[in-house]
Amino acid sequence: MTSTAPAADQAAPPPPAPHRVRSRFARLLPADRVLRRLTAITLVNTVGNGLGMTLGVVYFTRVMGFGVGAVGLVLTLAGACGVAAGVPAGRLSDRYGPKPVLVALLALQAVSAAAYVLVDALAAFAVLACLVAVADRGGSAVRGALFAEVLPVDGRVTGRAYLRSVTNIGLSVGTLGAAAVLQLDTRGAYLTAMLVDAASFGVIAVLYALLVPVAPRTAAQAARAASGPNPALRDRAFLAVTGLNAVITLQFVMIEVGLPLWVVRDTAAPRWMVAGGLLVNTALVIVLQVRATRGTEQPRAAALVFRRGALLVAASCLVVGLAAGLPGWAAALLVAAGVACQALGEVYSQAGAWALSYDLAKDEAHGAYQGVFNTGMSGALMLGPALMTSVVIAHGLLGWALLAALFAAAGWGMTALVRR
């Protein structure tokens with residue numbers, strides 16, 4: 001009878017050592033210690049954001065009991081407040097330093113978001129929503145200035161690209177958690193999720209407070225930054241760059257608002273393509289965002305990368321627009337191709353925009369410049385839904401062609417502007 005025991009020379013290989021597993025995981029993390037800390041901060045923040053973004057409107061209507069119209073009006077008002085917060089927040093970060101300003105805004109956001117579970121009056125809800133939006137959009141502007149302070153000059157754009165990949169991972173995890181909450185559909189589950197989101201802001205406020213800048217600000221630098229009018233608002237070239245980037249920012253509204261409406265209303269593609277498209281976009285950004293920063297070291301090169309992204313996004317509009325009137329399988333293929341094209345355009349346009357926002361700013365006034373730059377993006381995100389519904393979706397293929405022309409013009413305009 002033959003033995004089934006393995007021979008000594010045919011013994012099964014030992015399991016991988018724990019230190020080997022850890023080393024493989026470590027290779028996925030950046031070498032820079034500060035960027036590693038920012039990675040942890042970003043992951044905590046975006047998991048919380050994934051919960052809040054997905055569940056917010058459901059919580060406000062189902063648990064708090066407000067009507068859909070009232071919630072929409074409040075969120076629109078809050079969005080306007082958020083747009084107005086970017087410039088003053090950036091200016092404050094130049095005067096007092098980005099770290100203390102960001103920590104204060106995150107503390108405000110934590111308290112305001114936690115207070116959602118205590119209010120039942122529409123007026124109180126409106127006040128809290130505005131405070132959350134001010135802290136969020138103001139914090140976004142200040143965060144850009146903080147990155148300029150805590151990361152080395154040659155690592156800012158690559159660092160932001162890496163953190164953007166981490167952002168998409170965190171949002172995906174948070175969205176999965178939100179899906180579980182929606183499945184439970186209980187008041188306790190919604191309250192817990194909202195409190196977890198609020199707690200995440202408090203945690204990252206502490207973590208940001210522990211960051212040490214590469215080159216600490218001096219009193220003379222702070223005095224120069226705070227003196228006189230806002231330099232970014234007087235820099236016409238930078239304002240033009242901000243405007244062109246705001247145009248490209250509409251791609252986020254396109255993928256989150258325009259594409260779902262188009263797929264469901266005007267194409268025969270299966271409805272699950274809406275969620276599938278967002279997953280494809282997220283996956284491609286995670287994989288490609290860091291690579292897209294290559295070649296953005298100089299402003300002219302960054303503008304060319306930006307233009308490449310803008311033209312890809314423009315092409316995606318045309319591809320998606322052609323899906324109307326086709327059989328379901330053909331429409332699904334075009335939608336998938338359009339989403340992939342948009343994701344490629346997104347990573348290139350974002351990489352070029354980040355590089356330009358730092359390269360064209362004055363070293364002692366990154367807060368002011370990031371404040372103006374982020375305000376342009378916030379304005380586009382606020383106005384974008386109306387553009388998508390009243391122009392793009394309402395006019396079909398012509399509307400998508402007009403949007404494509406707008407993106408292409410922004411791309412060519414950026415290279416012409418920076419060349420000058």
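What you see is a predicted model; the values in this text were computed from it and never measured.
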Below 3.5 Å, can you tabulate the donor-acceptor pairs from side chains in residues 171-183 to any protein atom, sequence neighbours excluded?
from: S172; atom 1: OG; to: N168; atom 2: O; distance (Å): 2.8
from: T175; atom 1: OG1; to: L171; atom 2: O; distance (Å): 2.7

Could you tabulate the donor-acceptor pairs under 3.5 Å formed by side-chain atoms of residues 239-250, not counting sequence neighbours?
from: T242; atom 1: OG1; to: F238; atom 2: O; distance (Å): 2.9
from: T249; atom 1: OG1; to: N245; atom 2: O; distance (Å): 2.8

For residues 381-402, which side-chain N or O atoms pair as donor and acceptor with protein atoms under 3.5 Å away, sequence neighbours left out?
from: T389; atom 1: OG1; to: P385; atom 2: O; distance (Å): 3.0
from: T389; atom 1: OG1; to: A386; atom 2: O; distance (Å): 3.2
from: S390; atom 1: OG; to: A386; atom 2: O; distance (Å): 2.6
from: H395; atom 1: ND1; to: V391; atom 2: O; distance (Å): 2.9

Please tabulate, for the side chains in residues 269-282, all donor-acceptor contacts under 3.5 angstrom to protein atoms that are two or more places apart in sequence or on a different chain.
from: N281; atom 1: ND2; to: Q342; atom 2: OE1; distance (Å): 2.7
from: N281; atom 1: ND2; to: E346; atom 2: OE1; distance (Å): 3.0
from: T282; atom 1: OG1; to: L278; atom 2: O; distance (Å): 2.9

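Applying the side chain to side chain donor-acceptor pair (under 3.5 Å) test to residues at least two apart or on different chains, the pairs with a partner in residues 188-199 are D185-Y190.
Counted within 6.0 Å of OH on Y348, heavy atoms from surrounding residues, nucleotides or ligands total 12 or fewer; the atom is thus considered open.
Every side chain to side chain contact (heavy atoms under 4.5 Å, CB included) that L75 has, sequence neighbours left out, goes to V57, F60, V71. Every side chain to side chain contact (heavy atoms under 4.5 Å, CB included) that A129 has, sequence neighbours left out, goes to V74, A78, Y116, F125. By the ring pair (Phe, Tyr, Trp, His ring centres under 6.0 Å) test, F147 pairs with no residue at all, sequence neighbours left out. Residues meeting the side chain to side chain contact (heavy atoms under 4.5 Å, CB included) test with R137, sequence neighbours left out: S140, N374, S378. For T42, there are no side-chain hydrogen bond (donor to acceptor under 3.5 Å, both in side chains) partners at least two apart in sequence or on another chain. A search for side chain to side chain contact (heavy atoms under 4.5 Å, CB included) contacts involving R294 returns R291, not counting sequence neighbours. Every side-chain hydrogen bond (donor to acceptor under 3.5 Å, both in side chains) that Y358 has, sequence neighbours left out, goes to R160.
Side-chain contact check for L207 versus R37: every heavy-atom pair is 4.5 Å or farther apart. R164 places a side-chain heavy atom less than 4.5 Å from the side chain of Q350. Residues P231 and Y369 form a side-chain contact, since some pair of their non-hydrogen atoms from C-beta on lies under 4.5 Å apart. Under the 4.5 Å side-chain criterion, counting only non-hydrogen atoms from C-beta, L334 is not in contact with V320. Taking 4.5 Å as the limit, some side-chain heavy atom of P299 sits within range of a side-chain heavy atom of L356. In this structure the side chain of T293 never reaches within 4.5 angstrom of the side chain of Y162, judged on heavy atoms. The shortest distance between side-chain heavy atoms of R187 and L191 falls below 4.5 Å. No side-chain heavy atom of L326 sits under 4.5 Å from any side-chain heavy atom of T267.
Separation of atoms CE (M414) and OG (S349) is listed at 9.5 Å; rounding is to 0.5 Å. Remark: M194 CE to L55 CG distance equals 7.5 Å, nearest 0.5 Å. Between the OG atom of S112 and the CG atom of L128 there is a distance of 6.0 Å, given to the nearest 0.5 Å. Here the CG-CG distance, from L284 to L344, works out to 6.0 Å after rounding to the nearest 0.5 Å. To the nearest 0.5 angstrom, L146 atom CG is 11.0 Å from Q370 atom CD. Once rounded to the nearest 0.5 Å, the distance linking CD of Q289 with CG of L163 reads 10.5 Å.
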Test side-chain contact (heavy atoms from CB on, under 4.5 Å) applied to Y208 and I41, step by step:
CA-CA 8 Å; Y208 271 124; I41 292 172; 3.5 Å; yes

Report the C-alpha separation of Q251 and S316 in whole Å, then their side-chain angles, then the decisive distance to 0.1 Å, and conclude whether the side-chain contact (heavy atoms from CB on, under 4.5 Å) test is met.
CA-CA 10 Å; Q251 68 180 298; S316 74; over 6 Å; no

Test log, rule side-chain contact (heavy atoms from CB on, under 4.5 Å), inputs W354 and R156
CA-CA 9 Å; W354 292 330; R156 291 170 183 168; over 6 Å; no

Please assess L211 against L38 for the test side-chain contact (heavy atoms from CB on, under 4.5 Å), listing each intermediate value before the final yes or no.
CA-CA 9 Å; L211 281 176; L38 290 173; 3.5 Å; yes

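Within the 3.5 Å criterion, the main-chain N or O of N49 finds no donor-acceptor partner in the side chain of T46. Although no hydrogens or angles enter the test, the distance criterion places no donor-acceptor pair under 3.5 Å between the side chain of S200 and the main chain of G48. A donor-acceptor pair under 3.5 Å is formed between the side chain of T61 and the backbone N or O of V58. The backbone N or O of P229 lies less than 3.5 Å from a partner atom in the side chain of R91, making a donor-acceptor pair.
For the pair R307 and W412, the cation-pi criterion (under 6.0 Å, within 45° of the ring axis) is fulfilled.
Taking each heavy atom of A302 and A355 in turn, the nearest pair found is CB-CB, 3.7 Å. Between A368 and A232 the shortest heavy-atom distance is O-CB, 3.6 Å.
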